Amino acid sequence: MRLVIDFESYYDTEYSLGKMPTHQYIRDPRWKCLGCGLKIDDEPPFYLAGVGELEYFFGTLNWSLVTAVAHNAQFDGSVLWEHFGKRAPRTWIDTMLLARWAISQGHLSPDMTTSLWALAPLVGMQKGDTAAAVAAGGQQLADYGVDDVIIEDKLLRMLMGFKPPRDELMYMDQHVRMATEPVLDIDVPMLEEAAKSDPREEAFKKILRKDANFKVLLEKNGIVPEYKTTPTGRTKMALAKTDVFMQSLTKHPNIKVRRLAEMRLGSASNLVRTRAQRFLNVGAPLPVPLLYYAAGPGRSGGQDSSNMQNLPRKGPLRHAVKAPEGHKLIVGDSRQVEARTVGWRAGDKKLLTAFGTTDPYRTFAGHFMYGKAPEDVTADERFMGKAGMLGLGFAQSAYGFQEGIRAKDDKHVPIETCKLGHKAYREGFDQVPKWWKAVFQNAIRDGELTLPSGRKLIYPDLTSEVKPFTFMDAETDTWVTKDMRQYEYTRPKIFSGRGSQRKTVNFWKGLATENDTQATARDIVFWQLRHCADEGRSTGKWKMVWMTHDEGVFVAKEGEDTTLCAERLAYWLTQNPSWAHGLPLEGEVKIGQAYGDCK
DNA sequence: CGGTGTTGCGCC
DNA sequence: AAAGGGCGCAACACCG
């Protein structure tokens, strides 16, 4: 049975979904369900205004047979769960997520956005005025609600006409569940401690964050500030964590300067404090609101004011999110899945073989870079092997490689060593550079890439132009400018960030192969985690609650269920989809009470 | 003052 | 021969 469902709720200027996360809104004392538009299969739509009526109606349904349809099911699903007895359908279909998929696959225009208002004209409808309907209430609100349901029903038919694969529909469903059926507990005292703010300290940080103020402090200590040119051509003091100048300040002989730099860096991010407060505001159980297909290559992203995919690896936050009483978290990650995928996509046997050894990075450093047995490789050499295997798969230059290590690890590696690694990768894994070229040629020929799974990556409005290009010449170590054919494309609006404009970006083989690899790894990990989640659902023994790109988080009762879940997760992380034969995959599974324990 | 754009920083 | 990529949020800068 198909049920289209669209809740209407009270809101005002202070209290609205725009001002707070979904669950904070729904759990607020001001919450009021004004009614719900509904439609069953091909029957006429209707609107129920009373909560009692709704409870009665929902009670008559066999939810294990319901396919529920909503636009932004994160909202309607959360209302159903929080306010109508933890009800959930057998399957969720979210027309907003379907539209994201349709745009990503080129079925809908890259200019399209996914609001109901923007999509309604595609099915010959016009969305009503929400504010007016809510203000009027009564029959007018009912008519509005019914209209929305009609739009959603028509959208569903149109979008399903594009034949979304079953796997993608399951991934959408899983994303809705992680957001609407919250499970995770939070450590309130720990979060309260992390959310504490001292007004004097905050005021001081605010001062430090302003470049002009920090400049004065530097000059007082006899430091001449250094500047950089930003990507948009502005001049700015080089005070970011990864800037050479800032890195020199953190290593400055004068302790006062080092202190100053540390304080500035410490003032730059309030993530821990603000996120801790968010978690407290939302409360337990904590939902995991991830957006399906947030990124061009298909990865998910955070939404709803707190990105659950960027919690700091150090600090209290990961320790403050935990399994509920009597349960455990089971966390599994797919080891080096992207670097492995490069080897498989390129058909490079040597790269894949290296990943089959006990320490792939040591193997690369020993056999490919330094010409020695892996067991004789030093710590520094292994570091280079690791950086190379993870960083050189996408056509990066030796200089880019060097710069990446400097920015990320604050480490200076001589350019000769970087050139050695660069050469070792390209000559040792000689199928990889060929693959870069082939992928790029396909992309510029077709304006799209087809992945092994059958999913596509599209490059709309691809153009090229011959113009000067400046790069470091590896022979002479000098900047050289040459006329070259350069490509660019304009990303679909939904993958262009917060701005209203579609974003035009340079397109070259490094980007094409990085996209291809990230997307393929996404298809693999989504597939693995979905299978594990399905087993949990069908046995009732565990539940998938969270994911971070190459990692899935599950919750099970302590004891047998936890052990079994960990076993099955470990199993699935070694399994290949039918289209990925020959790619060696490895997983690592950890069990803990809090997320922070699972490392 | 609110909206938009830019930068920095957290993650993979 | 060649430029890391992908996100979201907070804070600041700038504009009308």
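Per chain, numbering begins at 1; letters A, B, ... match sequence-line order. Remember, predicted model here, so these are calculated numbers, not experimental data.
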- At under 4.0 Å, does any side-chain N or O of S397(A) touch on OP1 or OP2 of dA3(C)? yes
- Query: How is F401(A) classified with respect to the nucleic acid when contacts are heavy atoms under 4.0 Å: base, sugar-phosphate, or nothing?
  - Reply: nothing
- Message: Counting the atoms with a prime plus P, OP1 and OP2 as sugar-phosphate, which does R426(A) contact under 4.0 Å by heavy atoms, base, sugar-phosphate, or nothing?
- Response: sugar-phosphate
For residues 267-274 of chain A, run the donor-acceptor check on the side chains, cut-off 3.5 Å, and write out each pair with its distance to 0.1 Å, sequence neighbours left out.
residue	atom	partner	partner atom	Å
S267(A)	OG	R264(A)	O	2.7
S269(A)	OG	L271(A)	N	3.3
R273(A)	NE	E202(A)	OE2	3.3
R273(A)	NH2	E202(A)	OE1	3.0
T274(A)	OG1	N270(A)	O	3.0
T274(A)	OG1	L271(A)	O	3.2

- Item | Options dA3(C), dT7(B), dC9(B), nucleotide nearest the side-chain atoms of K236(A) | dT7(B)
- Task: Assign G296(A) to base, sugar-phosphate, or nothing according to its heavy-atom contacts below 4.0 angstrom with the strands shown.
- Result: sugar-phosphate
- Would you mind reading off the distance between F394(A) atom CZ and dA1(C) atom P, rounded to a whole angstrom? 20 Å
- Does NZ in K251(A) sit with more than 12 non-hydrogen atoms of other residues, nucleotides or ligands closer than 6.0 Å? yes
- Starting from C1' on dA2(C), measure out to CH2 on W479(A) and report it in whole angstrom. 11 Å
- Query: When only distance counts, do a donor and an acceptor, one from the side chain of Q518(A) and one from the base of dG6(C), lie under 3.5 Å apart?
  - Reply: no
- Of all the choices, dG6(C), dG8(B), dC9(B), which nucleotide is nearest to the side chain of R299(A) once you look at every atom? dG6(C)
- Task: Report the residue (H549(A) or A474(A)) whose heavy-atom-nearest nucleotide on DNA chain C is the more 5′ of the two.
- Result: A474(A)
- Rounded distance (Å) that lies between atom P of dC12(B) and atom NZ of K408(A): 10 Å
- Message: Output the rounded distance in Å from CD (E338(A)) to P (dC7(C)).
- Response: 13 Å
- Message: Side chains of Q309(A) and R299(A) only: does a donor on one sit below 3.5 Å from an acceptor on the other?
- Response: no
- Item | Any pair counted as side chain to side chain donor-acceptor pair (under 3.5 Å), so long as it reaches residues 287-298 of chain A, sequence neighbours left out | S104(A)-Y293(A), Q105(A)-Y293(A), E168(A)-Y292(A), Y293(A)-R455(A)
- Note on the structure: Side-chain atoms of K241(A) come closest, of dC7(C), dA2(C), dG10(B), to dG10(B)
- Item | Candidates dC12(B), dG5(C), dA1(C) - which lies nearest the side chain of R313(A) | dC12(B)
- Task: Sequence neighbours left out, what pairs pass side chain to side chain donor-acceptor pair (under 3.5 Å) with at least one residue falling in residues 390-402 of chain A?
- Result: Y399(A)-D477(A)
- Query: Can you name the side chain to side chain donor-acceptor pair (under 3.5 Å) partners of R313(A), sequence neighbours left out?
  - Reply: none
- Which part of the nucleic acid does L239(A) contact within heavy-atom distance under 4.0 Å: base, sugar-phosphate only, or nothing? nothing
- Contacts of type side-chain contact (heavy atoms from CB on, under 4.5 Å), residue F469(A), not counting sequence neighbours: F471(A), M484(A), Q486(A)
- Task: Find the distance D550(A):CG to dC7(C):C1' and express it as a whole number of Å.
- Result: 14 Å
- Message: What is the separation between atom CD on Q336(A) and atom C1' on dC12(B), rounded to the nearest whole Å?
- Response: 14 Å
- Message: From CE of M389(A) over to C1' of dG4(C), roughly how many Å is that when rounded to an integer?
- Response: 17 Å
- Message: For Y15(A) and Y25(A), take the angle between the two ring planes, folded into 0 to 90°, and tell me which bin it lands in: parallel under 30, tilted 30 to 60, perpendicular over 60.
- Response: parallel
- Can you check the M472(A) CE to dA3(C) P distance for me, whole Å? 10 Å
- Along nucleotides 8-13 of chain C, 5' to 3', which nucleotides get a B, which get an S, and which get a -, given that the test is a protein heavy-atom distance under 4.0 Å? BSSSSS
- Query: Given dC7(C), is OP1 or OP2 found less than 4.0 Å from the side-chain N or O atoms of R491(A)?
  - Reply: yes
- Query: Does a side-chain N or O from K228(A) land closer than 4.0 Å to OP1 or OP2 of dG8(B), or not?
  - Reply: yes
- Query: On a whole-Å scale, what distance lies between the P atoms belonging to dG4(C) and dT7(B)?
  - Reply: 16 Å
